[in-house]
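Reading through the structure tokens given below for one structure.
Just the heavy atoms: all of them, side chains too, but no hydrogens, waters or symmetry mates, feed the values below. Letters go in sequence order (proteins before strands), and every chain restarts at 1.
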There are 2 protein chains.
Amino acid sequence: MSSQLYDVIHRRRDVRGQFTGAPIPPAVLDRVLAAAHAAPSVGLSQPWDFILVSDETTRAAFHDHVQQERATFASTLDPGAAATFSKIKIEGVRESTLSVVVTYDPDRGSPAVLGRHAIADAGLYSVCLAIQNLWLAATAENLGVGWVSFYREPFVQDLLGIPATIRPVAWLCLGPVTHLEHTPDLERHGWRHRTPWQSAVHENRWSPPVG
Amino acid sequence: MSSQLYDVIHRRRDVRGQFTGAPIPPAVLDRVLAAAHAAPSVGLSQPWDFILVSDETTRAAFHDHVQQERATFASTLDPGAAATFSKIKIEGVRESTLSVVVTYDPDRGSPAVLGRHAIADAGLYSVCLAIQNLWLAATAENLGVGWVSFYREPFVQDLLGIPATIRPVAWLCLGPVTHLEHTPDLERHGWRHRTPWQSAVHENRWSPPVG
């Protein structure tokens, strides 16, 4: 039994509005990145990279792009959902201390990646495991993480000089926060509510989720 | 600073050969599943399900399928790689206590999943975050986890009655273990070696990985 791990897992939030912009001590950032890099990966391919974006001009350009994508999504909503969405902050790119862009290189460990011949996306899955390690380590270090997903991948590739063969998987905002909210933003604003974990568990065969 | 979390992150292994088959206490399994379900998800969609496969006939059928896929992969290797691969165990399906099959439902939270309009795979990413929570919680509980990826998704859908719209993302072996290896199996057997985390870190723009 392991109360600190569970505490971190359940306290972790997807942060938008609570970033302070204060510096991240270098030793803390090193521990967080080393934790991400310690994730499991298909065929031990470690197919991830982490681009640390501190440059303000770059982050401002990304922020502007995200605002355009926000408008695109908003235009697809019915009036009720649009009203709810209008109250929801979707990124803290400029207020957070650092952006960490996580990428996937499908050529790492090629040609024969052990465990990927039947499931092409297995390498992409590995990158996500590294992201969750990063997220939990940051939470344990009293940093906030916010995953921004209102962007087009080609825009980010162009902005950061990422080759066409490398896929951006996440744009993460990272930094000290005033606090972590007890309840996720989307639940506080009435967008969606969390289900109990039991509703997602099935015995031996698929069955429709309960509730 | 959070020594228990980092200890778990760095001790975690992808287990094949160390399962004992001993029972998992129900309260422990509940904590592990609740930790998985506490993962972040795009638009709070929680698009994952967990099928707990204890049935031995089902697990034997999956095991046989994995052996066929092992042969398929082996046939693609040059002689040196094939010799190395022949020593590597790729699954502990029958020796482990329980299989946990994790699936992705792209329709959960539809039609407007907040944060997924520009990145169709964002829901799939969420499922992987839940898997890493599960993996770390299990490690903290002194259970081993082994992600088996030598399978075809349609086979697993058919075996477990999973609808065509639901995608199997992982077949995880779970259970008590004699120990966790200090060094990953693939490194011990000379398949691949881990890189230092610094090789994956870049400043402000993409650059080729070092080393």
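Proximity to chain B (any heavy atom under 4.5 Å) is shown, for A:R11, by neither the backbone nor the side chain. Heavy-atom distances place both the backbone and the side chain of A:A34 under 4.5 Å from chain B. Of the atoms belonging to A:L77, it is side-chain heavy atoms, and not backbone ones, that fall under 4.5 Å from chain B. Proximity to chain B involves both the backbone and the side chain of A:R192, based on heavy atoms less than 4.5 angstrom apart. Looking at A:T76, neither its backbone nor its side chain comes within 4.5 Å of chain B, counting heavy atoms on both sides. Looking at B:V66, there are no atoms closer than 4.5 Å to chain A (heavy atoms on both sides), in backbone or side chain. Of the atoms belonging to A:W191, it is side-chain heavy atoms, and not backbone ones, that fall under 4.5 Å from chain B. For a residue to count as touching a neighbouring chain, one of its non-hydrogen atoms must lie under 4.5 Å from one of that chain's; by this rule B:P111 does not touch chain A. Contact annotation for B:T103: only side-chain heavy atoms (C-beta onward) come within less than 4.5 Å of a heavy atom of chain A. Proximity to chain B (any heavy atom under 4.5 Å) is shown, for A:S41, by neither the backbone nor the side chain. Only the side chain of A:E153 has a heavy atom closer than 4.5 Å to any heavy atom of chain B. Using a 4.5 Å cut-off between heavy atoms, A:D30 touches chain B through backbone and side chain atoms alike. In this structure, chain B has a heavy atom under 4.5 Å from the backbone of A:V113, while its side chain stays farther away. No part of A:D14 comes within reach of chain B, as not one of its non-hydrogen atoms sits under 4.5 angstrom from that chain.
Side-chain atoms of A:R116 and B:S149, non-hydrogen and from C-beta on, never get closer than 4.5 Å to each other.
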* Step-by-step side chain to side chain donor-acceptor pair (under 3.5 Å) determination, A:T195 to B:H37 -> CA-CA 9 Å; A:T195 58; B:H37 194 67; 3.0 Å; yes

* Asked: Please walk me through it: do B:Q132 and A:Y125 pass side chain to side chain donor-acceptor pair (under 3.5 Å)?
  -> CA-CA 10 Å; B:Q132 186 64 0; A:Y125 298 166; over 6 Å; no

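For the pairing with A:H117, the ring pair (Phe, Tyr, Trp, His ring centres under 6.0 Å) check across B:F85, B:Y151, B:F73 returns one residue only, B:F73.
Among the candidates A:S207, A:P184, A:P163, the residue making the largest number of heavy-atom pairs closer than 4.5 Å to chain B is A:P163. In terms of heavy-atom pairs under 4.5 angstrom with chain B, the leader among A:I119, A:V28, A:I162 is A:I119. Of the listed residues (A:A122, A:A170, A:G109), the greatest number of heavy-atom pairs within a distance under 4.5 Å of chain B belongs to A:G109. Of the residues considered (B:V148, B:L129, B:L136, B:I9), B:L129 shows the highest number of contacts with chain A, using heavy-atom pairs under 4.5 Å. The choice from A:V101, A:D121, A:L159, A:I90 that makes the most heavy-atom pairs within less than 4.5 Å of chain B is A:D121. With chain B as partner, the option from A:H193, A:R194, A:E203, A:Q157 having the largest number of non-hydrogen pairs under 4.5 angstrom is A:R194. Most heavy-atom pairs under 4.5 Å with chain B: of the set A:V169, A:L124, A:L52, this distinction falls to A:L52.
Between A:A200 and B:W48, the shortest heavy-atom contact is CB-O, 3.8 Å.
In this structure, CZ in A:R59 is found 9.0 Å from CG in B:N204, a value given to the nearest 0.5 Å.
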